[in-house]
Amino acid sequence: MTKLKQRSIEIYNWIERRLGLAKPIVEAAEHPKPAGSASWWYVFGSAAAVLLGLQVVTGVLLALVYVPSASEAWNSLQFLNHNVTLGWLLRAIHGWGSNFMIAIVLIHMAQVFLFGAYKFPRELTWIVGVLLLLLTLGMAFTGQVLRFDQDAYWGLGIGASIMSRVPFIGALLVHALLGGPIIAGATLSRFFTLHVFVIPGILLISAGLHVWMVLRLGINEWPMPGRLVRKTTYEREYHDLVRKDGMPFVPDAVWKDAIFAAAILLAVIACAFFFGPFGPTGQPDPTVIQTAPKPDFAFLWIYAVLAFLPPSLETPFLLIAPVVLIGALLLLPLAAGEGEKHWSRRPVAVLMVALIAVTLGVFTRLGTYTPWSPIMDAWSSDPVPTEYLHGRAPLERQGALVLQEKQCRDCHSLGGLGGLRGPALDSIATRMTEDQITRQVLQGGGNMPSYGNALNPSETTALVHFLLTLRGPGLTPAVDASRGLTRGK
Amino acid sequence: MNPSTSRRAFLFKLSLLLNGAVGAVLAVPILGYILGPALKKGSSYNSWVALGAIREFPEGETRLADYRNPVTTPWDGQTGNVACWVRRISGRQFQVFAINCAHLGCPVRWFAQSKLFLCPCHGGAYYADGSRASGPPPRGLFEYKHKISEGKLMISTGEMPTLATEACVQNPLIQIQSTPERTTRPS
């Protein structure tokens, strides 16, 4: 036994004498950390790194079967789902791992921001971190494209359409993105290269730099209200703090990171196991147009924002907003590199995080049920509630038929069924007079197309008469305020 | 300065210069390869494609048609197929619209009863003639150039229409009137 041990030590020494990596690695692992920072709040960065590792491993495994060809990618995913042993679980872990990674990276970023960790001397760590966020989102988007289904196909169309709005070089960017004139084989190959070679390469190098700077500069101390960061004194103060009240990262502080990482991995596996893989949805056949394309969860908020921009503002917004947003994130540590770190003394910072979180949350929520989209089959699937037909004159019932047949329900709901693009019509007669309804139907306006060409006069009359019967119980119909005056005289 | 030091400094600079030059030479094929599809002129992708005999398109109706894109690779599969909306106004008067919404490229659907094209993504709506009706699109539907040749409806196509790459007609009415006579032989 002792001989075996002796032999092992000899082999280790032989390698270490030539490689010389064990000493610096042990030193890095034992780097001292302020005791206050050995907190559960400081576990998100390492969890993101662990998830990155999971994505690399599962990604390599998926590449064993996936075929990056426009004609075969969809089939190879079906094959992975149904024919390869546990292929569905690997796909699910990779997909859920991506969602978790985006969430953890965002939480990590918010924590670092609220704890003032981006301030001197950790500015560059933050800037590389912003790059890591963008690369993570880039992986999510390109990964969604590799799931070469209907959503991926039309998502590429959205990407190309956004590119086409860039002045002068729009066409060049569209062709560079698609790798040709249309979304096809060359497009998938480009996104495969990005997802598998280019972005992961940059991502791994950047993550290495990020960790290197964390080790070199030390982990951010627990912020104290009133303890200000000054470039002249900070480093000395930090070293004093670590010397007085520090602990080695391994083994004294690492256990929290390790437990959290295990919990996150378990959560990913559980989600993957219980909810399964994402798609693929319908085949990427552009002649099948019965589809309502939607991006993955992380991009739903962008999809929602794009529904609310007025046409005249859309192109400037699309071109300027990302530059301003990313620029602000990159310049933040340079503009606010000194001063207070504690969140209780930085109300604007706290409000900004809250505002951004609520904004992203609201737009994501809207993106899940897309109230701006017509419901394409509502006109043939959602009946007019029977109580709206009781006691109605034949002309009014005829109007209800017109309402269904002219697809009004695709955008307007009755009894809670139908599209949400236009207002619900259940009490329309309390808001609009006969003349106003007629004008609105025939001429449109305020985001409603005009139906003057789609309705003949008798259809219009019937429809308007039906709409005039729609008012809530006990409510009086809308009246033209000037009518009494003109009639009275 | 020591002559051998200055010689080494010169050779070091020379080596940098040499590698810079080699790098520049290498950059030409790399950039050309990556940007090849982008630098190609958009109109060079276009050619005339037959959508079918004009009798397949009833007058006064708008029908979905599809065709194989003129530029494809054998591994494009289904993605090499493209759909479009054909509106036969009357006789030899046609309009052929791209399937892609002018807002963000989603596939628009035709609703004959309300005479509207509706987009499932963000609710863009267009009238029967392709003009913008409501919603976020900044313009009407993209329209392909078309002609009638030997009783067949042909369109000039080849690339995905977007705001920057529209192989399209600005004013549909002028286009219909100016369809070259020589291409429209009586059928």
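Proteins get letters first, then strands, A, B, ... in listed order; numbering begins at 1 in each.
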- Message: Out of the candidates B/Leu163, B/Thr162, B/Asn100, only one should pair with A/Ser161 under the side-chain contact (heavy atoms from CB on, under 4.5 Å) rule; please name it.
- Response: B/Thr162

- Output the option from B/Cys101, B/Gly135, B/Cys106, B/Pro120 having the highest count of non-hydrogen pairs under 4.5 Å with chain A. B/Pro120

- Task: With a 4.5 angstrom heavy-atom cut-off, could you sort out which part of B/Asn81 is near chain A: side chain, backbone, both or neither?
- Result: both

- Beyond-backbone contact of A/Ile182 with B/Val71, side-chain heavy atoms, under 4.5 angstrom: no

- Query: Which region of B/Ile99, side chain (C-beta onward) or backbone (N, CA, C, O), has a non-hydrogen atom less than 4.5 Å from a non-hydrogen atom of chain A, or is it both or neither?
  - Reply: side chain

- Between the side chains of A/Glu405 and B/Gln113, does any donor sit under 3.5 Å from an acceptor? no

- Query: To the nearest 0.5 Å, what is the distance between CG (A/Leu172) and OG1 (B/Thr165)?
  - Reply: 11.5 Å

- Item | B/Tyr126, part contacting chain A, at a heavy-atom distance under 4.5 Å | neither

- Message: Under a 4.5 Å cutoff for heavy-atom pairs, which residue among B/Gly77, B/Pro137, B/Ala83, B/Gly123 has the most contacts with chain A?
- Response: B/Gly123

- Test side chain to side chain contact (heavy atoms under 4.5 Å, CB included) on B/Phe111 and A/Met376 and set out the steps. CA-CA 9 Å; B/Phe111 288 86; A/Met376 300 296 206; 3.6 Å; yes

- Item | B/Leu116 versus chain A, the contacting section by heavy-atom distance below 4.5 Å | side chain

- CG of A/Leu455 to NZ of B/Lys115: how many Å apart, nearest 0.5 Å? 9.0 Å

- For chain A, find which of B/Pro138, B/Ala133, B/Pro136 contributes the most heavy-atom pairs closer than 4.5 angstrom. B/Pro136

- Message: I'd like to know whether the aromatic ring centres of A/His175 and B/Tyr45 sit less than 6.0 Å apart in this structure.
- Response: yes

- Task: Measure distances from B/Cys84 to the heavy atoms of chain A and classify the residue's part below 4.5 Å as side chain, backbone, both or neither.
- Result: neither

- Note on the structure: If one checks every heavy atom of B/Ala128 against chain A at 4.5 Å, the contacting part turns out to be neither

- Got a sec: does the OH of A/Tyr369 have more than 12 other heavy atoms crowding it under 6.0 Å? yes

- Task: Please say whether more than 12 non-hydrogen atoms of neighbouring residues, nucleotides or ligands are located less than 6.0 Å from CZ in A/Phe297.
- Result: no

- Would you indicate whether the side-chain heavy atoms of A/Pro311 and B/His103 approach each other to under 4.5 Å? no

- Check the pair B/His122, A/Tyr303 against ring-ring contact (aromatic ring centres under 6.0 Å, His included), reporting the backbone distance first and the verdict last. CA-CA 8 Å; B/His122 297 103; A/Tyr303 187 73; 4.5 Å; yes

- Message: I want to check something: taking the side chain as every heavy atom from C-beta on, are A/Ile289 and B/Trp85 in contact at a cut-off of under 4.5 Å?
- Response: yes

- Query: Is there a donor-acceptor pair closer than 3.5 Å between any side-chain N or O of A/Ser373 and the backbone N or O of B/Cys121?
  - Reply: yes

- 4.5 Å side-chain heavy-atom contact, A/Pro293 and B/Pro107: yes

- Note on the structure: Most contact-rich option vs chain A, by heavy-atom pairs under 4.5 angstrom, among B/Cys119, B/Pro74, B/Gly36, B/Ala65, is B/Cys119

- Query: How far does OG1 of A/Thr187 sit from CE of B/Met160, to the nearest 0.5 angstrom?
  - Reply: 10.0 Å

- Message: Within the 4.5 Å heavy-atom criterion, are B/Ser134 and A/Pro449 side-chain neighbours or not?
- Response: yes

- Item | Validation row: A/Trp379, B/Ser114 side chains within 4.5 angstrom (heavy atoms) | no

- Message: Heavy-atom cut-off 4.5 Å, strictly under: side chain, backbone, both or neither for A/Gln290 against chain B?
- Response: both

- Query: How about B/Thr79 and A/Tyr153: do any of their side-chain heavy atoms sit closer than 4.5 Å?
  - Reply: yes

- Task: Please say whether more than 12 non-hydrogen atoms of neighbouring residues, nucleotides or ligands are located less than 6.0 Å from CG in A/Asn453.
- Result: no

- Task: Please look at B/Asp76 and chain A and tell me whether the side chain, the backbone, both or neither of the residue comes under 4.5 angstrom of a heavy atom of that chain.
- Result: both

- Can you see which heavy atom on A/Arg165 is nearest to which on B/Ala102, and at what distance? NH2-O, 4.1 Å

- Query: Does some side-chain heavy atom of A/Thr287 sit less than 4.5 Å from a side-chain heavy atom of B/Val82?
  - Reply: no

